[in-house]
Amino acid sequence: MSLQSSVTQAISNLYNQEIPESQVQLQKTKKEFEGHLTLVVFPLLKISKKNPEQTAEETGKYLKQNVPAIADYNVIKGFLNLTISPDHWLELLNEIHADADYGLTKAGENAPLVMIEYSSPNTNKPLHLGHVRNNLLGFSLAEIMKANGYKVVKTNIVNDRGIHICKSMLAWKKWGEGASPESTGKKGDHLIGDFYVLFDKRYKEELRVLEFQGLKKEEAEAQSSLMAEAREMLRQWEAGDPETVQLWSMMNSWVYSGFDETYKRMGVDFDKIYYESETYLTGKEQVMGGLQKGIFYEKEDGSVWADLTADGLDNKLLLRADGTSVYMTQDIGTAKLRFDDYPINKMVYVVGNEQNYHFQVLSILLDKLGFEFGKGLVHFSYGMVELPEGKMKSREGTVVDADDLIEEMVQTARQTSEELGKLDNCTKEEADHIVEIVGLGALKYFILKVDPKKNMTFNPKESIDFNGNTGPFIQYTHARIQSVLRKAAEQGIALPEKVQPGLPVSTKEEELIQSVAAFKDIVREAGEVYSPAVIANYIYELVKEYNQFYHDFSILREENENLKIFRLVLSKNIGKVIRSGMALLGIQVPDRM
RNA sequence: GGUCCGGUAGCUCAGCUGGAUAGAGCAACAGCCUUCUAAGCUGUGGGUCUUGAGUUCGAAUCUCAACCGGAUCACCA
């Protein structure tokens with residue numbers, strides 16, 4: 001029986017009134033006071049019709065007498081501090097110890113299916129820091145949803161069509177024909193990105209010349225021959241011109257192999273990838289269907305709109321007068337294809353907060369079109385990543401490239417490890433492996449520990465630290481726990497399935513068990529608020545607590561054999577929770593470092 | 001201008017379903033390596049929780065207003 005229900009029972013027996021469990025506020029007792037859990041009695045005063053001290057006193061007395069787990073209590077003002085019996089903590093530890101996947105719920109046959117869309121890159125440039133936040137959040141969220149018992153399908157919608165790709169294609173044709181990842185030694189996505197930049201540069205030059213000849217900016221843009229050629233290329237692509245389509249698919253395939261490399265190194269993956277080139281036509285069909293049903297309306301020029309004024313929003317364009325589709329149309333099409341492919345109960349879009357309005361509209365539109373998940377779709381909106389000098393601007397070359405960043409992190413990890421002599425007893429393979437895990441761990445944790453909806457500042461030079469609230473600090477603690485367990489095994493100490501009751505367990509250790517046990521609730525909470533940051537900050541607190549314990553107590557040198565085993569079991573389960581928690585963030589933990 | 005989001009220590013961030021004296025890390029300063037890994041631990045200093053009102057026994061947390069910052073309101077994606 002949970003303590004909350006014990007309290008409700010106490011109240012009903014003492015004061016003859018039933019209260020919902022949600023009204024029972026049980027919280028962790030503050031360090032300064034004695035006890036483990038604190039019941040705030042103020043909300044109960046109306047029921048007890050007594051003053052706070054009396055109410056707390058009576059409730060405490062009742063609980064102590066009737067609930068075996070509660071060993072003692074004390075009352076300070078309106079706060080009833082409860083002390084849990086040592087054996088109760090040991091029981092709790094044994095429960096955790098017996099459960100290999102403590103805190104993680106497995107999806108059953110009838111579990112709801114959630115589809116999570118994330119990453120969603122354009123194929124005209126490499127992934128940058130913003131994508132890194134997106135990818136990490138999306139992957140982590142998928143793991144968290146799985147841990148909460150959902151079936152999860154990870155998906156990626158690749159924006160592989162449009163004028164931006166044509167710009168890269170045109171630049172390649174004009175100024176770089178023959179260049180390939182093989183011939184240049186460049187990663188495919190970087191190669192294409194370079195051509196995109198080159199197009200922009202030449203286009204600007206052309207504009208300058210035209211403006212020098214006396215044209216206004218708008219006139220120059222209208223007369224630009226480069227832009228006209230790019231548009232012509234898009235027309236040819238849409239018309240299915242074989243040569244253009246072939247070039248398009250060749251260049252896209254270069255980009256994809258580049259992306260795959262980056263995804264792989266980041267440790268993220270997808271169950272199903274959709275391409276806009278394959279979904280935008282479906283979107284048109286959906287919109288036309290909606291038009292026939294009278295959900296949408298047509299203007300005189302032939303463009304199709306949705307009237308959302310009833311929902312407090314504006315009118316929204318869905319098809320242009322020339323029949324071509326817009327962003328919204330494509331998302332509707334993609335939704336349709338997804339729903340045909342999977343029995344989706346819940347749809348989560350991991351997309352930046354600049355698109356809040358878009359998803360508000362999409363939700364309404366999908367709902368009108370009859371999609372089950374439309375109304376309840378979750379736009380997992382996250383803030384932008386800014387640099388100390390401000391926003392990233394591709395035009396000013398201040399974009400932080402994902403591949404460069406990862407490489408830099410791993411190099412820093414290697415350098416720091418070497419300086420500290422951590423790699424001295426490792427083979428080269430081990431060292432490479434550890435350094436990779438630590439570098440990526442630092443990056444991932446740094447990004448995931450921040451509340452997603454907030455904008456965050458990322459200082460590539462200074463922000464990434466290996467001390468304090470960081471990935472490597474947590475990884476380090478895990479490695480040390482494994483080390484202690486290894487040494488124990490070498491000494492021939494076998495860990496039993498259960499620790500025996502009656503040990504002289506310290507307050508610090510009881511608190512640690514309490515913190516480990518909290519993992520279950522934390523995983524659920526993270527799933528409810530869709531935030532990996534909840535997990536990250538929890539693990540940090542736990543690790544910090546353990547580190548203090550580690551320094552204050554002897555584990556292997558403990559004389560009392562039963563106490564030694566208890567501490568090993570405790571350590572082992574803290575290690576287990578750290579590993580599970582970090583896995584929910586997509587971060588690996590090494591056994592030594 | 002309308003809508004949405006943010007504002008907590010010098011910096012980066014927790015805490016926000018209202019609870020006790022607002023917490024970490026970094027940076028600064030002072031200690032601790034013959035003891036299971038010092039990527040660690042301990043201590044000191046550092047705060048008008050943007051401001052003002054309201055609700056309440058109690059407000060960083062809820063409500064309203066103001067101020068600052070960001071996003072968005074495209075026949076771009």
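All values below were derived from every heavy atom in this structure, side-chain atoms included, with hydrogens, water molecules and symmetry-related copies excluded. Quick note on labels: first sequence line is chain A, next is B, and so on, each numbered from 1. Predicted model only: the values in this text are computed from it and were never measured.
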Q) Can you find a side-chain donor-acceptor pair between Tyr546(A) and Ser571(A) that sits under 3.5 Å? A) yes
Q: Between protein and nucleotides 55-61 of chain B, map the contacts as a letter string: B base, S sugar-phosphate only, - none, heavy atoms under 4.0 Å, written 5' to 3'.
A: --B----
Q. Is the distance between the ring centroids of Phe466(A) and Phe446(A) less than 6.0 Å?
A. no
Q. Syn or anti for C57(B), taking syn as within 90° of 0?
A. anti
**Q.** Dot-bracket line, read 5' to 3' along RNA chain B, where crossing pairs take [ ] and | marks a partner on another strand, Watson-Crick or G-U under 3.5 Å
**A.** ((((((((.[[[[.)...(...]]]].(((((.......))))).....[[[[[..)....]]]]])))))))....
Q: Could you check whether Gln330(A) gets within reach of a base, just the sugar-phosphate, or nothing at all, counting any heavy atom under 4.0 Å?
A: sugar-phosphate
Q | Exercise: identify the closest heavy-atom pair between Val351(A) and Glu117(A) | A | CG2-OE2, 4.0 Å
**Q.** Residue-phosphate contact under 4.0 Å: Ser483(A) side-chain N/O, U37(B) OP1/OP2
**A.** yes
Q | Separation of C5(B) C1' from Glu386(A) CD (nearest whole Å) | A | 13 Å
Q) Going through the checks in order, is the side chain to side chain contact (heavy atoms under 4.5 Å, CB included) test met by Phe553(A) and Lys508(A)? A) CA-CA 10 Å; Phe553(A) 291 77; Lys508(A) 188 83 224 168; 4.0 Å; yes
**Q.** Verdict with supporting geometry, Asn547(A) and Thr477(A), side chain to side chain donor-acceptor pair (under 3.5 Å)
**A.** CA-CA 7 Å; Asn547(A) 261 315; Thr477(A) 303; 3.0 Å; yes
Q | Phe446(A) side chain, from C-beta outward: closest of G6(B), U12(B), C36(B) | A | U12(B)
**Q.** Identified side chain to side chain contact (heavy atoms under 4.5 Å, CB included) partner of Leu82(A) from the options Thr59(A), Leu26(A), Asn74(A), Thr38(A)
**A.** Leu26(A)
Side-chain donor-acceptor distances from residues 310-318 of chain A under 3.5 Å, at least two apart:
{"unit_1": "Asn315(A)", "atom_1": "OD1", "unit_2": "Tyr297(A)", "atom_2": "OH", "d": "3.0"}

Heteroatom pairs (N/O) under 3.5 angstrom, protein to nucleotides 39-41 of chain B:
{"unit_1": "A39(B)", "atom_1": "OP1", "unit_2": "Lys422(A)", "atom_2": "NZ", "d": "2.4"}
{"unit_1": "A39(B)", "atom_1": "O3'", "unit_2": "Asn467(A)", "atom_2": "OD1", "d": "3.0"}
{"unit_1": "A39(B)", "atom_1": "N6", "unit_2": "Ser417(A)", "atom_2": "OG", "d": "3.0"}
{"unit_1": "G40(B)", "atom_1": "OP1", "unit_2": "Gly468(A)", "atom_2": "N", "d": "3.2"}
{"unit_1": "G40(B)", "atom_1": "OP2", "unit_2": "Asn467(A)", "atom_2": "OD1", "d": "2.7"}
{"unit_1": "G40(B)", "atom_1": "O2'", "unit_2": "His551(A)", "atom_2": "NE2", "d": "2.5"}

(Q) I'd like to know whether the aromatic ring centres of Tyr349(A) and Phe380(A) sit less than 6.0 Å apart in this structure. (A) no
**Q.** Stacked pair Phe79(A)-A20(B), distance under 5.5 Å, angle under 30°
**A.** yes
Identify the pairs formed between an N or O of the protein and an N or O of nucleotides 14-17 of chain B at a distance under 3.5 Å, and give each distance.
{"unit_1": "A14(B)", "atom_1": "OP1", "unit_2": "Asp451(A)", "atom_2": "N", "d": "2.5"}
{"unit_1": "A14(B)", "atom_1": "OP2", "unit_2": "Lys454(A)", "atom_2": "NZ", "d": "2.9"}

**Q.** Pairwise C1' distance, A30(B) and U34(B) [rounded to whole Å]
**A.** 24 Å
Q) Between His379(A) (NE2) and U72(B) (C1'), how many Å, whole number? A) 12 Å
Q) Base, sugar-phosphate, or nothing for Asn81(A), non-hydrogen atoms under 4.0 angstrom? A) base
**Q.** Selection from C36(B), A20(B), A24(B) that lies nearest to any side-chain heavy atom of Tyr540(A)
**A.** A24(B)
Q. NA contact type, Phe553(A), heavy-atom cut-off 4.0 Å: base, sugar-phosphate, or nothing?
A. base
Q.
Using the C1' atom as the point on both nucleotides, what is the distance between C16(B) and U8(B), in whole Å?
A. 11 Å
Compile the donor-acceptor pairs under 3.5 Å between side chains in residues 157-164 of chain A and protein atoms, sequence neighbours left out, one pair per line.
{"unit_1": "Asn159(A)", "atom_1": "ND2", "unit_2": "Asn122(A)", "atom_2": "OD1", "d": "2.9"}
{"unit_1": "Asn159(A)", "atom_1": "ND2", "unit_2": "His164(A)", "atom_2": "NE2", "d": "3.3"}
{"unit_1": "Asp160(A)", "atom_1": "OD1", "unit_2": "Glu276(A)", "atom_2": "N", "d": "3.4"}
{"unit_1": "Asp160(A)", "atom_1": "OD1", "unit_2": "Ser277(A)", "atom_2": "N", "d": "2.9"}
{"unit_1": "Asp160(A)", "atom_1": "OD1", "unit_2": "Ser277(A)", "atom_2": "OG", "d": "3.4"}
{"unit_1": "Asp160(A)", "atom_1": "OD2", "unit_2": "Ser277(A)", "atom_2": "OG", "d": "2.6"}
{"unit_1": "Arg161(A)", "atom_1": "NH2", "unit_2": "Glu238(A)", "atom_2": "OE2", "d": "2.7"}

Q. In whole Å, what separates the P atom of C64(B) from that of C5(B)?
A. 11 Å
Q | Atom-pair distance (CG on Leu37(A); P on G19(B)), nearest Å | A | 16 Å
Q | Touch class at under 4.0 angstrom, heavy-atom based, for Glu276(A) against every strand present | A | sugar-phosphate
Q: With the side chain counted from C-beta on, respond yes when Arg338(A) and Thr279(A) share a heavy-atom pair under 4.5 Å apart, and no when they do not.
A: no
Q. Starting at CD of Gln355(A) and ending at C1' of A77(B), how long is that distance when rounded to a whole Å?
A. 7 Å
(Q) Reading RNA chain B from 5' onward, which residue's closest nucleotide shows up sooner: Tyr327(A) or Val41(A)? (A) Val41(A)
**Q.** Nearest-angstrom distance, C1' atom, C68(B) to A77(B)
**A.** 31 Å
Q: Write down the distance between CD1 (Ile555(A)) and P (U37(B)), rounded to a whole number of angstrom.
A: 10 Å
(Q) Check this one for me: any side-chain N or O of Lys487(A) less than 4.0 Å away from OP1 or OP2 of U37(B)? (A) yes
Q. Would you say the side chains of Glu221(A) and Ser224(A) form a donor-acceptor pair under 3.5 Å?
A. no
Q. What nucleic acid atoms does Phe33(A) come within less than 4.0 Å of, heavy atoms only: base, sugar-phosphate, or nothing?
A. base
Q) For residues Glu419(A) and Gln415(A), is any side-chain donor paired with an opposing acceptor at under 3.5 Å? A) yes
Q. With a 3.5 Å cut-off and no angle check, do the side chains of Ser119(A) and Asn134(A) form a donor-acceptor pair?
A. no
Q: Indicate, with a heavy-atom threshold strictly under 4.0 Å, whether Thr38(A) touches base, sugar-phosphate, or nothing.
A: base
Q.
Does atom CD (Glu34(A)) have a neighbourhood of more than 12 heavy atoms from anything else shown, all under 6.0 Å?
A. no
Q: Map Arg592(A) and Lys77(A) onto RNA chain B by nearest heavy atom, then report which one ends up closer to the 5' terminus.
A: Lys77(A)
Q: For Leu44(A) and G19(B), give me the distance from atom CG to atom P, rounded to whole Å.
A: 16 Å
(Q) Of the options A20(B), G6(B), C75(B), whose atoms approach the side-chain atoms of Ile76(A) most closely? (A) A20(B)
Q. To the nearest angstrom, how far is Tyr357(A) atom OH from C76(B) atom P?
A. 16 Å
**Q.** Rounded interatomic separation in angstrom, taking CE from Met456(A) and P from G69(B)
**A.** 22 Å
Q: Test for a donor-acceptor pair under 3.5 Å between the base of C13(B) and the side chain of Asn469(A), counting only N and O atoms.
A: no
Q.
Using every non-hydrogen atom in the two residues, find where Pro52(A) and Gly78(A) come nearest and quote the distance to one decimal.
A. CB-CA, 3.9 Å
Q. In terms of the angle between their ring planes, are Tyr327(A) and His358(A) parallel, tilted or perpendicular, with boundaries placed at 30° and 60°?
A. parallel
